[in-house]
Student: 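Before anything else, here's the structure in question.
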Amino acid sequence: MLPRRLGRQSAERERISEINSERFFELQAFQGFGYGLIFTAVTSWAVENIPEVKQSTRMGLFQSLYSAGMFLGPVLIGILIEVFSRSTGYLIMGALSIASTILINTSKNAQKKKLLMRISS
């Protein structure tokens with residue numbers, strides 16, 4: 001009786017794992033689509049309103065900071081996951097995403113106000 005019950009639990013865990021894997025791939029595709037959209041927008045904002053002579057310098061700075069984030073981000077999240085938990089890592093990534101969205105919106109609104117003031121004067 002005991003081995004059959006354990007076998008049933010194992011089969012249920014495997015089925016749940018397959019469902020979670022499918023959901024994971026769906027969410028990963030959704031995230032990749034969003035990443036493709038936002039990266040294009042952020043790249044264009046990096047050189048917006050910059051003289052043509054300085055655009056390559058600005059893009060170099062953008063790529064350097066982006067590369068540092070791509071390297072340090074997973075390292076720091078990995079450390080946080082080891083110290084705390086996987087849930088904490090996801091919560092921190094979510095909070096950083098929300099904070100980034102707020103900062104981008106604030107920056108864009110400030111640029112619009114500055115541009116409107118420049119045009120009106």
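Throughout, numbering of the chain's residues begins at 1 and tracks the sequence.
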Student: Give a yes or no on this: more than 12 heavy atoms of other residues, nucleotides or ligands lie within 6.0 Å of atom CD of E52.
Tutor: no
Student: Would you say I104 and F39 are hydrophobically clustered, going by side-chain heavy atoms of ILVMFWY under 4.5 Å?
Tutor: yes
Student: Taking atom CD of Q31 as the centre, report whether more than 12 heavy atoms of other residues, nucleotides or ligands fall under 6.0 Å from it.
Tutor: yes
Student: Are Y90 and I92 co-members of a hydrophobic cluster defined by side-chain heavy atoms under 4.5 Å apart?
Tutor: yes
Student: State the CD1-OG distance between I102 and S107, to the nearest 0.5 angstrom.
Tutor: 13.5 Å
Student: Rounded to the nearest 0.5 Å, what separation is found between the CZ atom of R58 and the CD1 atom of I50?
Tutor: 3.5 Å
Student: Checking T88 now: which residues fulfil side-chain hydrogen bond (donor to acceptor under 3.5 Å, both in side chains) with it, not counting sequence neighbours?
Tutor: S85
Student: Examine distances only and state if a side-chain atom of S67 and a backbone atom of Q63 form a donor-acceptor pair shorter than 3.5 Å.
Tutor: yes
Student: When you compare the side chain of F62 with that of V47, does any pair of heavy atoms fall below 4.5 Å?
Tutor: no
Student: Do L27 and M93 belong together in a cluster built from hydrophobic side chains that touch within less than 4.5 Å?
Tutor: no
Student: Tell me whether V75 shares a hydrophobic cluster with V83, the cluster being built from Ile, Leu, Val, Met, Phe, Trp, Tyr side chains joined at under 4.5 Å.
Tutor: yes
Student: Count the heavy atoms of every other residue, nucleotide or ligand shown that sit under 6.0 Å from CZ of F84, and state whether that count exceeds 12.
Tutor: no
Student: To the nearest 0.5 angstrom, please state how far the CG atom of L76 sits from the CG atom of L96.
Tutor: 10.0 Å
Student: If you group Ile, Leu, Val, Met, Phe, Trp and Tyr by side-chain heavy-atom gaps below 4.5 Å, do I77 and L91 land in one group?
Tutor: no
Student: Tell me, do K114 and M117 make a side-chain contact under 4.5 Å, heavy atoms counted?
Tutor: no
Student: At their closest point, which heavy atom of P74 faces which heavy atom of G69, and how far apart are they?
Tutor: CD-O, 3.9 Å
